Amino acid sequence: MRNRRMLHLAGLLAFLLQAASCTDSALVDTNKPISNRNWSYINKITVPVTITDASKNYQVSFNLRHTSDYKYSNIFIVLSLTGPGLTPYKQRKEFQLAWPDGEWLGSGSGNLYSYQMPLTETFRFPAKGTYTFVIEQNMRDNPLREISDVGLRVAPIE
């Protein structure tokens, strides 16, 4: 009886440890749907992030979902960032979405491909407060067709 009880306790402890290690420490991990899968220049994605610990380093990633009918192998975006103690920042970034042979790099589910691509591996916010990220598409097509969702992930580096 005692051995059975120990086995149950060990199993419960293993489950709890696994569940605790799976917690996501991201401050923000959001995807905003793009209406009719047509991302226009004027449809800027705004994501506020509240920083309570400016002593930590953070990883900032760009989230994207597109259909298999997206006609390019890359995407250009413009990322803007404003907030306390920060000189307003704006940068154009390119992300590869497919191999030269056309095979998508994202993880696929049906007709939808998902990406989480680092914008910066290590970023330190200069002060506590709310920062605002703005993401806009910067391709020649307006609207950019077959973009399903766009978002941002900000997580402390442990």
Side-chain angles (χ1 to χ4, degrees), residues 18-54 56-158:
Q18 184 178 3
S21 67
C22 292
T23 60
D24 189 1
S25 62
L27 300 178
V28 170
D29 191 356
T30 185
N31 290 302
K32 298 192 178 183
I34 302 299
S35 179
N36 297 318
R37 295 188 315 269
N38 289 319
W39 191 13
S40 69
Y41 293 146
I42 62 170
N43 185 10
K44 298 176 183 180
I45 306 304
T46 302
V47 181
V49 178
T50 301
I51 300 299
T52 58
D53 187 350
K56 290 184 177 181
N57 290 323
Y58 294 85
Q59 181 178 34
V60 181
S61 300
F62 170 56
N63 295 338
L64 176 73
R65 288 188 192 130
H66 67 78
T67 71
S68 61
D69 293 328
Y70 182 70
K71 69 181 186 177
Y72 299 105
S73 64
N74 67 339
I75 189 168
F76 284 94
I77 65 163
V78 173
L79 176 72
S80 303
L81 175 60
T82 57
L86 187 70
T87 302
Y89 168 87
K90 191 172 203 172
Q91 183 179 18
R92 185 175 194 234
K93 297 272 218 175
E94 178 186 15
F95 295 99
Q96 286 303 121
L97 303 179
W99 293 108
D101 67 1
E103 180 184 350
W104 296 114
L105 296 171
S107 58
S109 176
N111 187 33
L112 201 60
Y113 292 87
S114 300
Y115 303 80
Q116 193 166 77
M117 300 166 284
L119 286 163
T120 177
E121 292 290 331
T122 303
F123 185 80
R124 184 166 285 183
F125 293 91
K128 293 179 182 181
T130 300
Y131 292 81
T132 303
F133 288 87
V134 178
I135 305 166
E136 53 190 294
Q137 72 100 339
N138 196 237
M139 300 286 283
R140 290 183 182 173
D141 290 3
N142 187 35
L144 184 58
R145 300 188 190 291
E146 301 307 323
I147 299 295
S148 173
D149 301 85
V150 174
L152 191 77
R153 176 182 166 83
V154 178
I157 297 172
E158 303 295 330

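Just so it is clear, the model here is predicted, and its values are computed rather than measured.
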Just checking, is any N or O donor in the side chain of D149 or N63 under 3.5 Å from an acceptor N or O on the other one? no
Dump the intermediate steps for side chain to side chain contact (heavy atoms under 4.5 Å, CB included) on Y58 and T120, then the final yes or no. CA-CA 8 Å; Y58 294 85; T120 177; over 6 Å; no
Say you draw a straight line from [atom1] of [X] to [atom2] of [Y]; how long is it, rounded to the nearest 0.5 Å?
X   : Y    : atom1 : atom2 : result
D69 : R145 : CG    : CZ    : 12.0 Å
L97 : E103 : CG    : CD    : 13.0 Å
I34 : E146 : CD1   : CD    : 12.5 Å
L64 : F62  : CG    : CZ    : 4.5 Å
F76 : R140 : CZ    : CZ    : 9.0 Å
K56 : T122 : NZ    : OG1   : 14.5 Å

Closest heavy-atom contact between A26 and P156? CA-CD, 4.4 Å
Nearest heavy-atom approach of A54 to K128 is CB-N, 3.9 Å
Take F95 and Y115 through the ring-ring contact (aromatic ring centres under 6.0 Å, His included) test and state the conclusion after the steps. CA-CA 10 Å; F95 295 99; Y115 303 80; 9.2 Å; no
Those residues at least two apart in sequence (or on a different chain) that pass ring pair (Phe, Tyr, Trp, His ring centres under 6.0 Å) with Y41 are none
Under the ring pair (Phe, Tyr, Trp, His ring centres under 6.0 Å) test, which residues partner F123, sequence neighbours left out? F125
Using a cut-off of 6.0 Å, state whether more than 12 heavy atoms not belonging to K32 lie near its atom NZ. yes
Look at atom CG of N36 and say whether more than 12 heavy atoms of other residues, nucleotides or ligands are closer to it than 6.0 Å. no
N111 side chain to S68 main-chain N or O, any donor-acceptor pair under 3.5 Å? yes
Passes side chain to side chain contact (heavy atoms under 4.5 Å, CB included), L144 versus Y70? Steps please. CA-CA 9 Å; L144 184 58; Y70 182 70; 3.8 Å; yes
One thing to verify: whether D141 and K71 come together as a salt bridge, which I'm taking to mean a side-chain N less than 4.0 angstrom from a carboxylate O. yes
